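Notes for the one structure printed next.
Heavy-atom basis, side chains included; hydrogens, waters and symmetry copies ignored. Remember, predicted model here, so these are calculated numbers, not experimental data.
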Amino acid sequence: MNGTEALCKGIALFSCSFKGEIKIESVAQGKAAVYARWCVKKNNRKAPVYVKKQARQWLRIVDGKDKSAFVDENTYQKICKLLKLMVHPDLACSMYEGLEDYAWFLITAVFCTKTPDGQRYYETALLEIARKNFKTFNSAVIFILLMLTEPQFSRFFSVAPDLKLSSELKLAIRKIIKSSPALSDESVFKVLRSEIRCKLTDSEYTPLAYSNDRMDGKLANAFLADEAGAMDAYPIGAMRSSQITLRSKLGIIISTQYPNDDNAMLDEIDISKKTLDHLIDGERRFALLYEPDPEYLSEDQWQHNDLIIYQSNPVAVNNKEVFEAIKKLRNMAVLYENQRENYLCKHNNIKYKGLGVEGYVEITRVQACQAAIDDDFWRGRPVYLGLDLSQTDDNTAVAMAAVEGGTLYAKVWGFLPADQKQKKSHKENVDYDRLIREGCCFACGGEVIDYGFVEHFILSLQERYGVEIMQCGYDRYNAISSVQKLESKGITCVEIKQHSSVLHSPTKLLKEKILSRDFRYDKNRLLEINFQNARCTRDTNLNMYVNKKKAEGKVDMVVALINAVYLIEQDMLFGSDGFIIQT
């Protein structure tokens, strides 16, 4: 008997537990679709931006506008019937009635979205959500559904930092099973000391603790990493490695924010954002990132702005008691600094030590400025260059910029060590081979950058594009030798001190040009990734600058462009040709 047959038999056995007919709406009218449509409403600021993006993407699938996937109505009906058979132990109603909206969205998308050949579409599901949103409870629901719907002899694992956390999920599963008459019979589920078995499908669930158990040597049809922010990348990597031979696989990763920098959740969030921003292709990933939008992360808005609570706590939107409880915690965190880390990380999904750091420019605003710039545009035009000559084993960037009618035009190129290309592609989740083919960057040298290649490239710009290089701006660090060679060829080089008092004006000006759509650049995925990675810090005088140490990845192309903008701003004396920073 396969998993589908066993499921049908199970539903037939359970149906005696209900009086009357089970009525279930279609996917398009279901709770998941209703919630997704609520998220994407234009003036709805209670849903964070990346949840909106995921909802918009999934609704395209629901509406049949995405040929790569569809929502299986039959699977949806089965999932809904099973949820009607589960009893919510705290609310004394069916799980179908008691699940939160975001949980409906997650479960429906993960279980019911399929590829054209009938395989599960999403291979990774990421949930970044604050505490007190019933994430452990909803994880238990997911495992019960997996045990009832996956093929026979499937194995499922949860991974948590320690035994106590791992046991919490097993207890939640046991609680639901024991509260549901249709599931509590030992012919359906058997709860053992170290695992839970589903007799209908001969599948089993085992909780693992990173501190106690080895993760290797296990074949996981599906796994769930709970509190991934408290673990490094090894447990998730080991679980994914076990799934290589499986056609239909699933990894669910759930966590709040944690204050440490070395945790698996940071990379997973970054990959998900870049996937939703279309900077990474081919990721079959579903991500609900309940974190405050970047515009709310500055000027201590967490102390008073209720939108931060709503965006990181979806349950608080419709549950007044939860909302008021979080507000009380917020009041204590405002009064007592020793309570802020726990509050901000666990209830707002804000890294406490990251306060004062904000995103530079929202990536969709940058992408709106993309335009095809013909090479003839540059001929005879005075241009300004910006350099970011990083360490010899890191990325380097050259930016060329000019102004026409108050609009900033730019071309930016990156350079990386040729022998580190594959390593950097894997580590940074960036397809450098593709970017090289697209002309966004160049691989040169071996283990280190060939600065001679970079210098020759700069010197060739005048002949290649017919431009007149007015000045070349650089950071003194790692640039002295190259600058001397450029100056010997007649290029005027200007040192730009990398300090907030100097960089604030061009950093702000570039942002304003992007937001007002007075910025143009050729299609350049690497530049977009750099903008996505960029984070800004403000000094005590509120001067803003791109902080490399706080960045989520490489930002050398943005830094080079800001250096070029600095020269333009200086040379045009803060006003010529309509090119002026707003005050």
Side-chain angles (χ1 to χ4, degrees), residues 1-24 72 74-99 103-104 107-108 110-112 120 134 136-159 166-208 218-224 226 246 248-250 252:
M1 182 186 301
N2 60 32
T4 302
E5 292 171 341
L7 172 62
C8 294
K9 178 182 176 182
I11 292 175
L13 289 172
F14 300 157
S15 61
C16 62
S17 302
F18 285 84
K19 296 179 181 180
E21 183 182 357
I22 297 177
K23 295 182 180 179
I24 300 170
D72 189 335
N74 290 332
T75 302
Y76 177 72
Q77 294 292 317
K78 291 175 183 177
I79 294 299
C80 288
K81 288 177 182 178
L82 288 173
L83 289 173
K84 280 180 174 284
L85 295 169
M86 295 184 205
V87 175
H88 197 300
D90 300 319
L91 303 179
C93 63
S94 73
M95 206 67 70
Y96 183 88
E97 301 168 282
L99 274 183
W104 266 107
I107 289 171
T108 303
V110 168
F111 282 89
C112 305
R120 187 190 293 110
F134 313 115
T136 300
F137 181 84
N138 292 324
S139 299
V141 174
I142 288 171
F143 271 114
I144 293 173
L145 291 173
L146 285 169
M147 285 189 278
L148 288 169
T149 59
E150 287 295 287
Q152 274 191 300
F153 310 116
S154 294
R155 300 180 70 196
F156 310 105
F157 299 92
S158 63
V159 180
S166 189
S167 299
E168 287 296 320
L169 181 53
K170 181 172 176 286
L171 288 173
I173 296 174
R174 180 180 179 276
K175 190 175 179 180
I176 295 172
I177 290 173
K178 295 299 182 183
S179 301
S180 307
L183 307 181
S184 58
D185 191 283
E186 288 202 356
S187 65
V188 183
F189 281 103
K190 189 172 181 63
V191 181
L192 303 175
R193 186 180 63 85
S194 60
E195 63 188 34
I196 296 175
R197 295 176 184 172
C198 178
K199 293 297 192 67
L200 293 175
T201 57
D202 289 313
S203 59
E204 61 184 48
Y205 155 72
T206 306
L208 301 174
K218 300 188 171 50
L219 179 62
N221 294 73
F223 73 89
L224 185 146
D226 194 15
L246 299 176
S248 183
K249 50 200 169 191
L250 176 64
I252 302 173

A side-chain contact here means heavy atoms from C-beta on lying under 4.5 Å apart; do [X] and [Y] qualify?
X	Y	answer
Leu83	Ser94	no
His88	Phe137	yes
Val188	Leu200	yes
Lys190	Lys199	yes
Lys218	Thr206	no

Inset, instruction - Quick one: pull up CG in Asp72 and CZ in Arg120 and give me the separation to the nearest 0.5 Å. - result: 12.0 Å
Legend entry - N/O donor-acceptor pair under 3.5 Å between Ser203 side chain and Met147 backbone: yes
Legend entry - Short side-chain to backbone donor-acceptor contact, Ser166 and Leu208, under 3.5 Å: yes
Legend entry - Among Ile79, Leu82, Thr201, the one residue meeting side chain to side chain contact (heavy atoms under 4.5 Å, CB included) with Leu148: Leu82
Inset, instruction - Could you tell me which residues satisfy ring-ring contact (aromatic ring centres under 6.0 Å, His included) with Phe134, sequence neighbours excluded, listed by chain and number? - result: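 ring-ring contact (aromatic ring centres under 6.0 Å, His included) list for Phe134, sorted by chain: empty.
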Inset, instruction - Give a yes or no on whether Arg155 atom CZ has more than 12 heavy-atom contacts from other residues, nucleotides or ligands under 6.0 Å away. - result: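 For Arg155, atom CZ is crowded (more than 12 foreign heavy atoms under 6.0 Å).
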Inset, instruction - Report the residues that fulfil side chain to side chain contact (heavy atoms under 4.5 Å, CB included) with Lys170, sequence neighbours left out, ordered by chain and then residue number. - result: Val191, Ile196, Tyr205, Pro207
Inset, instruction - On the 0 to 90° scale, with breaks at 30° and 60°, tag the Trp104-Tyr96 ring pair as parallel, tilted or perpendicular. - result: perpendicular
Inset, instruction - Give every residue pair that meets the ring pair (Phe, Tyr, Trp, His ring centres under 6.0 Å) criterion with at least one member in residues 166-188, sequence neighbours excluded. - result: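 Not a single pair qualifies under ring pair (Phe, Tyr, Trp, His ring centres under 6.0 Å).
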